[in-house]
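Report on the structure given below.
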Amino acid sequence: MNPRRKQRLLLVSIILLGLAATTALILTALDENIDYFYTPSEIINGKNETGIKPKVGQRLRIGGMVVEGSVKRSDVDLEVSFDLSDTGPIVTVIYDGILPDLFREGQGIIAQGHLVNATTIKAFEVLAKHDEEYMPPEIAEAMKGIKHVKPEYTQQQLGN
Amino acid sequence: MFKWLHPYAKPENAYTLSEKIYAFVIPLATLCLIVGSLWGLLFAPTDYQQGESFRLIYFHVPAAIWSMGAYTTMGVLGFCALVWQIRTLELAVIAIAPIGAIFTILALATGAIWGKPMWGTWWVWDARLTSELILLFLYLGVFALYFSFDDKRTGGKAACILAVVGIVNVPIIHYSVEWWNTLHQGATITKFDKPSIAGDMLWPLLINIVGFLLLFIALSSYRFATELAKSEAHRKWVLKLVRKNLS
């Protein structure tokens, strides 16, 4: 390789490395701000590194698993409340609206809303988060005992 | 070491080679895409959780993988073009950019269509979706930059610099789902573990991934040949080629 090319190779490589380092530093600095949501334990115990807890009234997103047996639906309207957990702490979510098809107990969801008190969120949006596993229903039933049941609505609820 | 490559730095030889690659690869790509898509859409079992909607995976995943693969190729070519000052490689960068952009748009569009019924939303600003959108802007930027200079050498250099710089975004897209909390789920097949997808769902997916790769190779060879002929329009070999095709 002639010296001029070698110089260019070095220059371009250094620029690329410097840029990668800068990006890495920026992303590390932004770290938790890029997170799309809080987990229930982060809402109750604060973020892992900083220990900052969200304030009451703050608008935030929470992501966690719907606790089995915690879903309570109103008979007359679409209001629903359920508990979310990840590793232990439990946060209650209240929501008034149509839930996504994938919503059910044990499912991972992300809710956006305001913190009403330390452990309750009034959500205005609920999104379902699914995992990266794909399998036919028979295998899922045999392996995990999961059976997909669609949520049922009463005629009165659908009329709203 | 790269002696065998040297003849292809000559535009005429590069043109003939990419024409040959195109003619050879396009039927294979078509075959893979037809087999993979029909198998995936008609014969693969439904998913236990997502039902029929999961079939979007057969287009979403291949498009997304090769939107990143195309960018990496473009970045490496741009890097070589800058260091060795090879005009031919600048043309290859420009040939790839719009194809990569189309793959990215396809990944974003199928993702949105999939997100609406499953997640409950077309779009969220989480790390995965946002970094993929930035990828689209990088592709468009490379393409736009090239044509915004009257002098094509300057334009080529500028486009190559952007292509090289943008490579930083590729690992960010891939690892975004591990580094941060995102609505998008983690990797199903592009990881060192066993793929988390049942075998009879995986095969058509793999065929379509190969199909998209072949389609990318075929289309970029085609565009590359065209760009070469365009930039060398005043040369004898292009005139000869035109006469041959007309007669």
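No hydrogens, no waters, no symmetry mates; every other heavy atom, side chains included, goes into these values. Sequence lines set the chain letters: A, B, ... in the order given, protein chains first and strands last, and positions in each chain run from 1.
Within the model, atoms NE2 of H184(B) and NE2 of H130(A) stand 7.5 Å from one another, a figure rounded to the nearest 0.5 Å. Distance check, rounded to the nearest 0.5 Å: CG of N181(B) to CD1 of I62(A) gives 11.0 Å. Rounding to the nearest 0.5 Å places CD of E125(A) at 6.0 Å from OG1 of T121(B). In this structure, CD1 on I172(B) lies 4.5 Å from CG on L27(A), to the nearest 0.5 angstrom. To the nearest 0.5 Å, atoms CD (Q85(B)) and CZ (R8(A)) are separated by 3.5 Å.
Within 6.0 Å of atom CD in Q7(A), 12 or fewer heavy atoms from other residues, nucleotides or ligands are found, so the atom counts as exposed in its surroundings. Crowding of Y175(B) atom OH: a count of heavy atoms from other residues, nucleotides or ligands under 6.0 Å not exceeding 12.
Contact annotation for V124(B): both backbone and side-chain heavy atoms come within less than 4.5 Å of a heavy atom of chain A. No part of A44(B) comes within reach of chain A, as not one of its non-hydrogen atoms sits under 4.5 angstrom from that chain.
Ranked by heavy-atom pairs shorter than 4.5 Å toward chain A, the options D126(B), L183(B), V168(B), I197(B) are led by L183(B). When L19(A), I109(A), L11(A), L10(A) are compared by the number of non-hydrogen pairs under 4.5 Å with chain B, L19(A) comes out ahead.
Across every non-hydrogen atom of R5(A) and W84(B), the tightest pair is CD-CD1, 3.4 Å.
By the 4.5 Å heavy-atom criterion applied to side chains, L9(A) and F79(B) are counted as neighbours. Contact of the Y134(A) side chain with the I189(B) side chain is not registered, since no non-hydrogen atoms from C-beta on lie closer than 4.5 Å.
For residues 131-143 of chain B, heavy-atom neighbours of chain A at less than 4.5 Å comprise no residues at all.
For Q107(A), the side chain to side chain donor-acceptor pair (under 3.5 Å) partners are R104(A), Q49(B), not counting sequence neighbours. Remark: W114(B) engages Q50(B) in a side chain to side chain donor-acceptor pair (under 3.5 Å) (not counting sequence neighbours).
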Taking distance alone, no hydrogens or angles, what donor-acceptor pairs closer than 3.5 Å link side-chain atoms of residues 199-206 of chain B to residues at least two apart or in another chain?
none

